[in-house]
Amino acid sequence: MTVNAQRDSGTSSSRTSNGAAVVVAAATTSIERDLITRWMRSGGLPAEYSASTENSGDTTPAVLDLDSRILTTELVPRTDDPLVVPVKVVWLPSARDGARRVRFSDVLALTNPRNPNRLIQQWLVGRSSDRHRIVVAEPARLSEMRESLHAEDGDPAPDSLARHIMRRAVVALERAERAVIGDRYKVPRLVAEQIMDSGSFRRRLDAICAEHNLTREEVDSRARAALGELVAVQSRLVTDLFTQAMRPLHSSAWSVRADESGLRALRELNRRRPLVFLPSHRSYADAFVLGDILANNEFPRNHLMGGANLTFWPIGPIARRTGTVFIRRSFGDDAVYKAALEEYFAYLLTKRFNLEWYFEGGRTRTGKLRAPRFGLLNYVANAIRSGRVEDAMLVPVSITYEGLAEVAAVAAEQTGATKKPEGLTWLARYARSQQRSAGNVYVRFGEPLSMRGLLTGGGDPELSEPAADETEHFERTRKALQKVGFEVAVGINGATPITVNCLVTLALLGVRDRALTLDEVRAVIAPVRRYIEARDVPQGELSVLDVEGGLATVLGSLTDAGVVTTYAGGEEPVYSIHRGQHLVAAFYRNSGVHWFVNRAILELAILHAHENPGGNPVLSAWEEAKKLRDLLKFEFFFPDRDTFEAQMRTELSLLVTEWSDELPRSEQDALTALIETGFFMVHRTLRSFFDAQLVVAERLALRDPSLKLDRTAFLDECVAVGTQMLLQGRLYGPESVSSELFATALQLAGNRGLLDTGGEEVREQRRAFAADLLAVGERIQLAESLDVSNRKADR
């Protein structure tokens, strides 16, 4: 039973050749039954369906309630082959400003305009004929549905067929209804029932029974409980109201700047494939911002995968009814829960419901993308591997804020503060913090990525040539998912614009704790903007910096937010990062820092070649660039070596155009060209990352290599000693003292085998690691001394 909203009057005669038409009415009140009956008598039933009745000799179609018990006794036993026609009454809210959406005033009147009670239905029928519609879903022959059930599950039982007919009718009516109310209200129906009746799921539960020696009753009970916990029971009423209630959490704080140019193509793509939206995660408001944009462009509401930390009352129960799926943080060896979750994912993708989650696993603490988590991506991959879903399109989404009230709390957590649990008090505080304007929020969509294409290109053993053994299978699967995560991250980064706050904090963080005048800030920003233009990097509304007083306004906003401090008691105002706000400022800077990483690596590579003359300067610089790339591989998303080399050649060509084909003849030529650009980036962008690595490296070098490392205690030690090193002037700025940066540096050390227990060999490797980082730090200081824009700021 499918839906065809625009029915062709030339419908195939196969519909009308066998048996009478039977109308199955999804009516809940006598008024709805009356409306359907009157509508049929007035000739409302499409002619091609009525013909079935005429051919059978009946004068009027039989009408049955859409109830599996009635269908079992009245429809399933029939020996002819009736055409089953689903029909229902759709109730509509009043039209307001060209839209029919439920508002809080409706609820205050104790009504649901989409599901009015009997008395209100009676009133609407007499006085508001525009408030209801009769919708007809595409019909199907009884024999066709019997055959489809047999093909799917092989279960010919009458009650199974009745439930199958009912489910198909409900889904078909749902689609027909959306032709009236819009695709944004696409919601799943009878999900848990469909999954529990699925032959593939029943067979999987049989296997769990056998493997774990459990009774079928116990496994069925646990499966129903798991689905009850997982399945989002969407409500159109709650969706409308929740959207209105939560909109102030972002509409008061930001002006939304969405790049909607690609949304039309995404809608067209969505007709053939399910979409998986994978946004960057910087704020609790991300889901509301993205949800509003998609709703305004008539996308069905996404199924948002969420964590259990937001299940508190009333947000949890309400969010569940708007499509949020709360997944346990950990379910260990619970095979039934895992099977239910995997089946639910496959169901949603098969029915082309769109999904959404934050593939970083949580909000960024530093402002740049975190490493991806692969668990949920693996469920999508499994649905494709099993053949249940042909493909799913991954949509990278960049959400970038010019200002964020919650950054201060996130920054505090990096130096040891405890994260405050979510709850009603937390929500009230958050709502208050969102009442202050914080500039723009930019939402950009990357090029959609075929999950199947990424898996086959990544060597997934289920979709390419079989692996030789289980170890190879696991390794190839892991690498295939890593490729998926990498491509999504690249897509997000590629769509992320540079904001005004990114540029201003970039300038102020690059001069330690000195204050700069407006002209000095401009001197730092100007060559960076020229570089951005040359690279064709996406931009926010940077044109505000070209307006008289524009830069002062940006600095004033950052001052109001407590990030910048302004001293206006002298000849002219001067600006610096407010004490204790360096991690907050670094958050804004880091939102666009990925655009400058290759430039910063090039600077260090050229300086390395200059410090080590003789031999081949190009080879020397290239080897150094690869080493630096390796040091930063857990912080940023680098492509393969060949692509990286091509990118570095592009960076060289920005110094001297001819160098894209012919490389510099000497290290002095390269250094001269670098200085003539008027700016260096490495001390402004990468110093905090290398400083954090130095803290970790030195603490490791001082430890007994024969002792196993306690990760939590070690990171606490790094925060404490890093603070000491900062006070001693050994670290450049407070933004280096970050548990997040220390954790990534520790991951790098582990990748190099420096966390292994051992003897003097491990100790020497740790010392060598620290020495390498000290040398990098010295070259960063040299770059700072050569920075022309910095020297202008010094004057």
Do you know which of R114, E177, H132 makes side chain to side chain contact (heavy atoms under 4.5 Å, CB included) with V90? E177

Go through the side-chain N and O atoms of E147 and S143 and say whether any donor and acceptor fall under 3.5 Å apart. no

Cut-off 3.5 Å, side chains only: do T324 and H303 have a donor facing an acceptor? no

Donor-acceptor pair, E360 side chain versus H281 backbone, under 3.5 Å? yes

Check for a donor-acceptor pair, side chain of D391 on one end and backbone N or O of M451 on the other, with a separation under 3.5 Å. yes

Under a 3.5 Å distance rule, please check whether N354 uses its side chain to pair with a backbone N or O of L275 as donor and acceptor. yes

Report yes or no: does N270 contribute a side-chain atom to a donor-acceptor pair with the main-chain N or O of L266 at less than 3.5 Å? no

Residues in salt bridge (charged side-chain N to carboxylate O under 4.0 Å, His left out) with D67, at least two apart? R69

I'd like to know if E343 and R388 make a salt bridge, using a cut-off of under 4.0 Å between side-chain N and carboxylate O. yes

Any side-chain heavy-atom pair of R363 and Y284 under 4.5 Å: yes

Any donor-acceptor pair under 3.5 Å linking the side chain of D286 with the backbone of S283? yes

Within 45° of the ring axis of Y337 and under 6.0 Å from its six-membered ring centre, is that where the NZ or CZ of R328 lies? yes

When you check the side-chain N and O atoms of S94 and R131, is any donor under 3.5 Å from an acceptor? yes

For E74, which residues count as a salt bridge (charged side-chain N to carboxylate O under 4.0 Å, His left out) partner, sequence neighbours excluded? none

E541 with R257: basic N within carboxylate O range, under 4.0 Å: yes

Distance-only polar pair, side chains of D130 and S128, donor-acceptor under 3.5 Å: no

